[in-house]
Amino acid sequence: MEVFATIFILSLFASSSVVCANPKCCGEKQFVNTLAGTLIQVHDGRPPVGYNMWLPTAIDVDGQRVASDGYMAIMGDHNFTVRSIQLWKENKMYSIVNGQCTILPLTSSKPSQCVPDDAIFRGYGVLGKNEFVTMSFNVNPSSVALLSGEAYMSVSNRTCAPVSFGYTGLAQVGERQIPSSQNVGFLNYTSGIKDPKKWFGLPSSCQNATMAEARSSDITGVEAAIQILRKIIPPFREG
């Protein structure tokens with residue numbers, strides 16, 4: 001099983017009340033929000049495949065762990081529950097798709113509460129009727145595993161809570177180069193993690209799961225889930 005190297009940079013967003021000419025913010029080390037958006041990829045010269053996702057996600061920077069629990073919908077009316085638990089202290093990611101658990105070793109960077117040092121501030125934007133001001137940054141393409149392309153992120157100018165993230169480019173995945181495009185928004189931000197066991201407790205299906213050879217550099221576990229889905233959805237089966 002291959003694992004794509006797309007990285008969703010949820011853990012790069014934080015909170016800060018400081019606004020300056022070139023704002024770089026760090027803030028809360030524990031929070032929960034929901035990733036909602038789309039991912040489009042081209043596999044082996046086939047027509048593009050689109051994925052819609054709704055993934056409530058918990059990030060614990062000091063605990064070095066990230067967990068998501070939601071669903072993905074794929075063209076052809078295929079819907080799947082998707083959960084991931086990433087534990088950097090154990091160097092393991094547990095990817096659970098429709099209750100089936102797969103364990104993968106982690107290669108992605110540990111979660112951080114800060115906008116990357118090399119991000120380039122591009123300016124402010126206003127949402128609604130002067131209701132919400134955002135700060136936008138260009139992100140180093142290599143930080144989202146792109147060989148070429150562009151990546152961006154935007155955050156609230158008052159709290160630095162995540163607002164949006166996206167990229168378009170060519171990703172190196174093992175021996176393959178995969179054209180990919182992702183656009184997501186972040187909703188329902190709350191400070192802290194009220195029930196850590198709910199997010200990071202392992203389900204019974206993972207107790208006897210074996211470690212896969214493939215490695216994951218995906219900060220939310222979505223790409224590992226996609227690889228599992230490609231094995232079981234008829235239009236995308238390999239072979």
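Predicted model, so just to flag it, every value in this text is computed and none were measured.
For the side-chain hydrogen bond (donor to acceptor under 3.5 Å, both in side chains) test, residues two or more places apart in sequence or in another chain that qualify with Ser181 are Thr168. The side-chain hydrogen bond (donor to acceptor under 3.5 Å, both in side chains) check on Asp69 picks up nothing, with sequence neighbours excluded. Residues passing the side chain to side chain contact (heavy atoms under 4.5 Å, CB included) test with Ala58 are Val32, Ile193, Trp199, Phe200, sequence neighbours excluded. Applying the side chain to side chain contact (heavy atoms under 4.5 Å, CB included) criterion to Pro203, with sequence neighbours excluded, gives Arg83, Ile85, Ile96, Ser205, Cys206. Judged as a side chain to side chain contact (heavy atoms under 4.5 Å, CB included), and not counting sequence neighbours, the contacts of Thr81 are Asn98. Residues passing the salt bridge (Lys or Arg N to Asp or Glu O under 4.0 Å) test with Asp195, sequence neighbours excluded: none. With sequence neighbours left out, the side chain to side chain contact (heavy atoms under 4.5 Å, CB included) criterion links Gln64 to Trp88, Lys89, Lys110. Scored by the side-chain hydrogen bond (donor to acceptor under 3.5 Å, both in side chains) test, Ser148 finds no partners at all (sequence neighbours excluded). Partners of Asn138 under the side-chain hydrogen bond (donor to acceptor under 3.5 Å, both in side chains) rule, at least two apart in sequence or in another chain, are Arg122.
Other members of the hydrophobic cluster containing Trp54, listed by chain and number, are Tyr71, Leu187; membership follows side-chain contacts under 4.5 Å among ILVMFWY residues, whether direct or relayed.
Minimum heavy-atom separation, Val126 to Glu131: CG1-N, 4.3 Å. Annotation for Tyr152 and Phe165: closest pair O-CD1, 3.0 Å, computed over non-hydrogen atoms. Contact record, Ser191 with Glu28: OG-OE2, 2.7 Å, taken as the closest heavy-atom pair. Between Ala209 and Cys101, the closest heavy-atom pair is CB-O, 3.7 Å. The two residues Pro162 and Asn33 have their closest heavy-atom pair at CG-ND2, 3.2 Å. When all heavy atoms are compared, the tightest approach of Thr57 to Ser68 is OG1-OG, 2.9 Å.
Distance check, rounded to the nearest 0.5 Å: CG of Leu87 to CE of Met93 gives 10.5 Å. With rounding to the nearest 0.5 Å, the separation of CD in Gln86 from CG in Leu104 is 9.0 Å. The OH atom of Tyr51 sits 10.5 Å away from atom CD1 of Ile40, with the distance rounded to the nearest 0.5 Å. Atom-to-atom distance recorded for Leu39:CG and Gln182:CD is 5.5 Å, nearest 0.5 angstrom. Summarising the geometry, atom CD belonging to Gln41 is positioned 7.0 Å from atom CD1 belonging to Ile178; distances are rounded to the nearest 0.5 Å. Remark: Lys29 NZ to Asp62 CG distance equals 4.5 Å, nearest 0.5 Å.
Inspection of the Asn140 and Asp118 side chains reveals an N or O donor paired with an N or O acceptor under 3.5 Å. Using a 3.5 Å distance cut-off with no hydrogens or angles, the side chains of Ser164 and Ser154 do pair a donor with an acceptor.
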message: One pair to check against side chain to side chain contact (heavy atoms under 4.5 Å, CB included): Leu202 and Gln207. What are the steps and the verdict?
response: CA-CA 8 Å; Leu202 295 180; Gln207 299 302 321; 3.8 Å; yes
Met53 and Leu35: side chain to side chain contact (heavy atoms under 4.5 Å, CB included), yes or no, with the steps? CA-CA 7 Å; Met53 61 196 77; Leu35 181 157; 3.4 Å; yes
- Should Phe137 and Ile120 be marked as a side chain to side chain contact (heavy atoms under 4.5 Å, CB included) after you check the CA-CA gap, both sets of side-chain angles, and the distance that decides it? CA-CA 5 Å; Phe137 300 84; Ile120 301 173; over 6 Å; no
- Query: Does the side chain to side chain contact (heavy atoms under 4.5 Å, CB included) test come out yes or no for Cys160 and Val115, once each step is laid out?
  - Reply: CA-CA 9 Å; Cys160 208; Val115 171; 4.2 Å; yes
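In this structure, Phe31 and Tyr189 have parallel ring planes: the angle between them is below the 30° cut-off, well short of the 60° mark.
Between Thr102 and Tyr94 the shortest side-chain heavy-atom distance does not fall below 4.5 Å. Residues Tyr167 and Ser180 form a side-chain contact, since some pair of their non-hydrogen atoms from C-beta on lies under 4.5 Å apart. When side chains are defined from C-beta on, Val163 counts as touching Leu127, because their heavy atoms get closer than 4.5 Å.
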